[in-house]
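Notes follow the structure.
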Amino acid sequence: MRNKDIYGRRKHEKNGAFRGVIILLVGVFLLFHNLDLDIPEWIVSWQMLIIGIGIMIWIKSEFRNVGGVIMILLGCVFMVREYFYLPYDVDRFIWPGFLIIIGLLFIVFRPSSHKKYLDVEDEPKVVPDLYPADEDYINAEVVFSGENRLIVSKKFKGGRISAVFGGCDVNLLQADFDGTIVLNCDCVFGGVELVVPANWEVKIMTSSVFGGVEDKRPIELIGANPNKVLIIKGSCVFGGIEIKSYS
């Protein structure tokens, strides 16, 4: 069996196990919530569930996924507002403070200048800086807004898209490449729409929690070109990725 087949199978098994753990966690929370046990209500609240899922996503990403941190912060904000007494002067500063922290997170956890992507053999490979003015890469961070991108590079090398409470539409119809590239998409209460050429082969390797990836390409347009493989990685948390292709 080829190395890339083994890698893909292991990746699929890990994602399946992670989804199973998330479903198990939700079930445990619902069970304890319905048992009327003599424990504080906030421990089995929906806010704590969001915090727990966020912690798991953050740990799974080796503490690099900002989406997991945002879920933790969201759960904490709603929990504090519902279960803890706050003076009025403090309560009105919670949401501005939340947005400030998110902004700082995107600055602090901004991907470093060297990222690992996959080459044609699906082995990790260090590629150049993703963040100069280089049309061969895409780096989009959308927070509480929307953005449209048109990629025309004939040597497209992938990149990263982060959509948090917003949406990002990426048109790749005029882009081209040879081999295998990786596009990391992290969606947290947001979405990403990808329009890809019909002759590209698209492989999905994402982790989803109350979200997912939807491939809306017509069957007659889907191609399987081993020389042009786009791998979509990342996570969807209360959000999703939509893939389209036009003739």
Rounded at 0.5 Å granularity, tell me how far [atom1] in [X] sits from [atom2] in [Y].
X      : Y      : atom1 : atom2 : value
Ile50  : Met48  : CD1   : CE    : 11.5 Å
Asn148 : Asp169 : CG    : CG    : 5.0 Å
Ile151 : Leu172 : CD1   : CG    : 6.0 Å
Ile51  : Phe78  : CD1   : CZ    : 11.5 Å
Asp136 : Lys157 : CG    : NZ    : 5.0 Å

(message) Restricting to side chain to side chain donor-acceptor pair (under 3.5 Å), what partner residues turn up for Asn227, sequence neighbours left out?
(response)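 Asn227 satisfies side chain to side chain donor-acceptor pair (under 3.5 Å) with no other residue.
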(message) Once side chain to side chain donor-acceptor pair (under 3.5 Å) is applied, do any residues pair with Ser145, and if so which ones, sequence neighbours excluded?
(response) none
(message) Working note: Ile138 + Phe156, criterion side-chain contact (heavy atoms from CB on, under 4.5 Å); need CA distance, chi angles, decisive distance, verdict.
(response) CA-CA 9 Å; Ile138 179 174; Phe156 185 53; 3.9 Å; yes
(message) Just to verify, what does Val229 make a side chain to side chain contact (heavy atoms under 4.5 Å, CB included) with, not counting sequence neighbours?
(response) Thr180, Glu201, Lys203, Ile231
(request) Kindly write out the residues that satisfy side chain to side chain contact (heavy atoms under 4.5 Å, CB included) with Asp176, not counting sequence neighbours, or none if the list is empty. (result) Lys154, Trp200, Lys228
(request) Apply side-chain contact (heavy atoms from CB on, under 4.5 Å) to the pair Ile204 and Ile243, showing each step before the final yes or no. (result) CA-CA 10 Å; Ile204 301 171; Ile243 304 171; 4.0 Å; yes
(message) Holding to salt bridge (charged side-chain N to carboxylate O under 4.0 Å, His left out), I want the full list of residues that pass it with Glu147, two or more places apart in sequence or in another chain.
(response)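 Salt bridge (charged side-chain N to carboxylate O under 4.0 Å, His left out) list for Glu147, sorted by chain: Arg149.
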Heavy atoms only: give me the nearest [X]-[Y] pair and the separation to one decimal.
X      : Y      : answer
Cys187 : Gly190 : CB-O, 3.6 Å
Val192 : Ala163 : CG2-CB, 4.1 Å
Val142 : Cys168 : CG2-CB, 3.9 Å
Ile232 : Cys185 : CG2-SG, 4.4 Å
Pro197 : Ala175 : CG-O, 4.2 Å

(request) List the steps and the verdict of side-chain contact (heavy atoms from CB on, under 4.5 Å) for Ile241 and Ile161. (result) CA-CA 11 Å; Ile241 302 170; Ile161 302 173; over 6 Å; no
(request) Give a yes or no answer on whether the side chain of Ser245 reaches the backbone of Val196 with a donor-acceptor pair at less than 3.5 Å. (result) yes
Please determine whether residues [X] and [Y] belong to a single hydrophobic cluster, defined as Ile, Leu, Val, Met, Phe, Trp and Tyr linked transitively by side-chain heavy-atom distances below 4.5 Å.
X      : Y      : answer
Met71  : Trp46  : yes
Val195 : Val152 : no
Ile55  : Ile101 : yes

(request) Determine whether Phe189 and Leu74 make a side-chain contact, defined as any pair of heavy atoms from C-beta on separated by less than 4.5 Å. (result)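 A side-chain contact under 4.5 Å exists here.
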(request) Determine whether Leu194 and Leu183 make a side-chain contact, defined as any pair of heavy atoms from C-beta on separated by less than 4.5 Å. (result) yes
(message) Per the side chain to side chain donor-acceptor pair (under 3.5 Å) rule, what does the pair list look like for residues 47-56, sequence neighbours excluded?
(response) Ser45-Gln47, Gln47-Glu82
(request) Report the C-alpha distance between Asp186 and Arg160 in whole Å, list the side-chain angles of each, state the deciding distance to 0.1 Å, and finish with yes or no for side-chain contact (heavy atoms from CB on, under 4.5 Å). (result) CA-CA 8 Å; Asp186 292 314; Arg160 179 179 296 275; 3.2 Å; yes
